[in-house]
Q: 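Below is the structure I would like to discuss, written out as structure tokens.
Hydrogens, waters and symmetry mates play no part in the numbers below; they use all other heavy atoms, side chains included.
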Protein chains: 2
Amino acid sequence: MYQINILIVEDEEKLRKLIKKYLFLEGFHVHEASNGIEALKIFDTETIDLVVMDVMMPFKNGYEVSKEIRKTSQVPIIMLTARSAEDDKLQGFDVGIDDYVTKPFSTRELMARIKALLKRTNVTSTNEKMQFGVLSIDTGARRILVDGEDMTFSPKEYDCLMYFVDNANQALSREQILNRVWGFDYFGDDRTVDTVIKRLRKKMGIEGDRIQTVRGVGYRFEV
Amino acid sequence: MYQINILIVEDEEKLRKLIKKYLFLEGFHVHEASNGIEALKIFDTETIDLVVMDVMMPFKNGYEVSKEIRKTSQVPIIMLTARSAEDDKLQGFDVGIDDYVTKPFSTRELMARIKALLKRTNVTSTNEKMQFGVLSIDTGARRILVDGEDMTFSPKEYDCLMYFVDNANQALSREQILNRVWGFDYFGDDRTVDTVIKRLRKKMGIEGDRIQTVRGVGYRFEV
DNA sequence: AAATTTCGTCATAATTTTGTCACAATAATT
DNA sequence: AATTATTGTGACAAAATTATGACGAAATTT
């Protein structure tokens with residue numbers, strides 16, 4: 001499946017690696033640049049779906065880089081800034097910054113912002129058609145057929161199934177599922193997952209038992 | 001469905017890519033040329049519905065290229081010029097330039113001019129007659145029949161339906177619909193889409209439920 | 001400029017989704 | 001076999017999302 005590409009532009013290596021790690025854990029494909037020049041080079045040669053960039057950088061600051069990027073692209077940009085002065089923000093939005101995160105920030109906050117922005121700007125994975133027994137999934141149509149019948153899956157059910165499909169034959173803990181499908185900022189019962197699984201299995205009909213219980217851990221989608 | 005083909009002739013790559021990006025977002029199929037020779041070559045081999053061309057270019061300037069094109073075609077041409085002197089404009093119209101945009105211009109202005117010119121010169125997506133159950137669409141006449149009855153669709157309704165038809169069986173988010181039907185520079189409520197959908201469904205009669213709600217996302221037109 | 005149509009927003013209704021809980025069922029352990 | 005831990009499931013109410021009618025502003029036509 002197609003992975004979403006994110007470019008991190010941050011001169012402070014520790015912070016860059018930290019962000020990279022969390023983005024990686026969220027399933028993104030991550031590109032790194034430690035300065036603006038490098039960033040623009042990568043941006044020109046790679047397909048980038050979203051940019052996370054520090055304002056303060058040697059050579060070229062974040063705003064200048066954004067301005068360059070905006071000449072050719074409407075890619076979503078999130079700016080990291082140490083200062084939180086109002087005029088700073090205004091300047092940012094002028095250059096077409098889509099969102100703003102003030103340091104220090106929690107990785108959780110940053111992840112939330114990134115996901116929200118991706119959603120807002122409609123960056124999604126490509127259209128695919130998949131088949132598992134009598135279960136057909138058409139991601140472009142966001143439609144699922146069971147035994148040829150159109151089955152309506154709720155957003156949570158759909159997202160959950162997608163997560164399973166993307167990680168077929170892997171045992172996924174409830175926590176992992178919660179993190180990915182509900183978002184890492186979700187504070188709810190682990191067992192919520194069980195309920196969605198129950199509904200999924202039911203709707204999937206005969207293919208329902210592709211979702212195996214992994215006792216003490218969570219679930220596994222088998223292909 | 002047939003996409004409108006636009007040829008951009010501009011030697012400055014950054015600007016060319018920028019225009020391309022915006023045209024793409026508006027749903028056009030875009031061809032690029034960085035000079036007059038290349039432009040003529042593409043014009044000969046591709047079907048081009050409209051040309052956007054810079055006057056100032058190496059080798060052959062915009063007027064010369066236009067003259068060449070006019071020998072065989074009445075394709076609408078928009079000229080980009082840095083100078084705004086009157087004689088310039090006159091010379092342009094002499095060679096059969098249809099419209100004129102002076103640099104620097106906003107992408108919004110250029111898009112508006114392009115759309116206006118397409119409308120003026122009656123370039124529409126080809127005349128097609130489509131049938132979906134009792135719903136007949138004649139894009140050439142911009143007319144829709146429901147159950148044999150002539151039904152009047154408002155511009156928004158019509159455009160929206162066309163977007164659906166062009167992307168049949170695809171889940172389209174409200175944002176995507178807004179971007180394409182209302183234009184990327186529209187800042188309004190997501191829910192506006194719902195209202196047009198409501199009106200569409202009503203006018204489409206029995207075929208109204210070809211427009212399916214995709215919960216948490218938007219809508220899908222099913223064929 | 002008057003009349004008509006279109007369009008966006010809002011309030012409210014209708015519908016669907018979702019999380020939790022209680023209890024049943026099942027598996028693991030003693 | 002009994003006990004304990006874990007998972008399955010139906011029910012239900014709250015929350016979220018979508019449908020719809022109404023209304024006035026804006027645009028278009030007459």
Q: State, to the nearest 10°, the angle formed by the axis through the first five base pairs of the helix from C/dA1-D/dT30 to C/dT30-D/dA1 and the axis through its last five.
A: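 Taking five pairs per end, the axes differ by 30°.
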Q: Listing time: all N or O pairs from protein to nucleotides 10-12 of chain D that are below 3.5 Å?
A:
unit_1: D/dG10; atom_1: N7; unit_2: A/K198; atom_2: NZ; d: 2.8
unit_1: D/dG10; atom_1: O6; unit_2: A/K198; atom_2: NZ; d: 3.4

Q: What is the distance from NZ of B/K203 to C1' of D/dT20, rounded to the nearest Å?
A: 16 Å
Q: The side chain of B/D194 is closest to which nucleotide in this list: D/dA19, C/dT20, D/dT7?
A: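 Taking heavy atoms from C-beta onward, the closest nucleotide is D/dA19.
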Q: Determine whether B/V217 and A/R142 make a side-chain contact, defined as any pair of heavy atoms from C-beta on separated by less than 4.5 Å.
A: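 They are in side-chain contact.
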Q: So, A/E32 and A/R16, do they make that salt bridge, N to O below 4.0 Å?
A: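 Yes, this pair counts.
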Q: Look at B/D150 together with B/R143 and state whether they make a salt bridge at an N to O cut-off of under 4.0 Å.
A: yes
Q: Provide the closest heavy-atom pair for A/R220 versus A/V214 in the form atom of the first, atom of the second, distance.
A: CB-CG2, 3.8 Å
Q: From CG of A/D189 over to C1' of D/dT6, roughly how many Å is that when rounded to an integer?
A: 13 Å
Q: Who pairs with A/F221 by ring pair (Phe, Tyr, Trp, His ring centres under 6.0 Å), at least two apart in sequence or on another chain?
A: A/F132
Q: Heavy-atom contacts under 4.0 Å between residues 170-178 of chain A and DNA chain C, which residues?
A: none
Q: Over 60° means perpendicular and under 30° means parallel, so tell me whether A/W182 and A/Y186 are parallel, tilted or perpendicular.
A: tilted
Q: So A/C160 and A/I177, do their side chains get closer than 4.5 Å, heavy atoms only?
A: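 Side-chain contact under 4.5 Å: yes.
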Q: Return the value, rounded to whole Å, for the distance between atom CD1 of A/I197 and atom P of D/dG8.
A: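 The answer, rounded to whole Å, is 8 Å.
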Q: Side-chain N or O of A/T192 less than 4.0 angstrom from OP1 or OP2 on C/dT18?
A: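 No, no such contact exists.
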Q: Could you give the CG-to-P distance, from B/L200 to D/dT18, as a whole number of Å?
A: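 Taking CG of B/L200 and P of D/dT18, I get 17 Å after rounding.
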Q: CG of A/D190 versus P of D/dT7: gap in Å, rounded?
A: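 From A/D190 CG to D/dT7 P: 9 Å.
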Q: Going through the distances and angles, do B/M204 and B/F153 end up as a side chain to side chain contact (heavy atoms under 4.5 Å, CB included)?
A: CA-CA 10 Å; B/M204 288 165 68; B/F153 283 63; 4.2 Å; yes
Q: Could you tell me whether the phosphate oxygens of C/dG19, OP1 or OP2, come under 4.0 Å of any side-chain nitrogen or oxygen in A/W182?
A: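 So the side chain of A/W182 is within the cut-off, an N or O lying under 4.0 Å from OP1 or OP2 of C/dG19.
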Q: B/E157 and salt bridge (Lys or Arg N to Asp or Glu O under 4.0 Å): which single residue from B/K198, B/R199, B/K203 fits?
A: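 Answer after filtering B/K198, B/R199, B/K203: B/K203.
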Q: Counting only heavy atoms not in A/E175, do more than 12 sit closer than 6.0 Å to its CD atom?
A: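 Not buried by this count: 12 neighbours or fewer within 6.0 Å.
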Q: Evaluate the criterion side chain to side chain contact (heavy atoms under 4.5 Å, CB included) for residue pair B/K129 and B/S136; output intermediate values, then yes/no.
A: CA-CA 7 Å; B/K129 284 172 188 171; B/S136 316; over 6 Å; no
Q: Using a strict threshold of under 4.0 Å (side-chain N to carboxylate O), is an ion pair present between A/D159 and A/K156?
A: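 No, no charged N to carboxylate O under 4.0 Å.
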Q: How long is the span from the CG atom in A/L7 to the CZ atom in A/F43, to the nearest 0.5 Å?
A: 8.0 Å
Q: For C/dC7, take OP1 and OP2 only and decide whether either is under 4.0 Å from a side-chain N or O of B/Y186.
A: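 No.
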Q: Applying side chain to side chain contact (heavy atoms under 4.5 Å, CB included), run through B/L23 and B/M111 and close with a yes or a no.
A: CA-CA 7 Å; B/L23 284 171; B/M111 293 305 129; 3.8 Å; yes
Q: With a 4.0 Å cut-off, would you call B/D194 and B/R174 a salt bridge?
A: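 Salt bridge between B/D194 and B/R174, a charged N being under 4.0 Å from a carboxylate O: yes.
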Q: With a sphere of 6.0 Å drawn around CD of B/E149, does it hold more than 12 non-hydrogen atoms of other residues, nucleotides or ligands?
A: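 Open: at most 12 neighbouring heavy atoms sit under 6.0 Å from CD of B/E149.
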Q: Can you check the A/M204 CE to D/dG8 P distance for me, whole Å?
A: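 Rounding to the nearest Å, CE of A/M204 and P of D/dG8 are 14 Å apart.
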Q: For DNA chain C, which residues of residues 144-159 of chain B approach it to below 4.0 angstrom with any heavy atom?
A: B/S154, B/P155, B/K156
Q: Please enumerate all protein N or O atoms sitting under 3.5 Å from an N or O of nucleotides 23-30 of chain C, with distances to 0.1 Å.
A:
unit_1: C/dT26; atom_1: O2; unit_2: A/R215; atom_2: NH2; d: 3.3

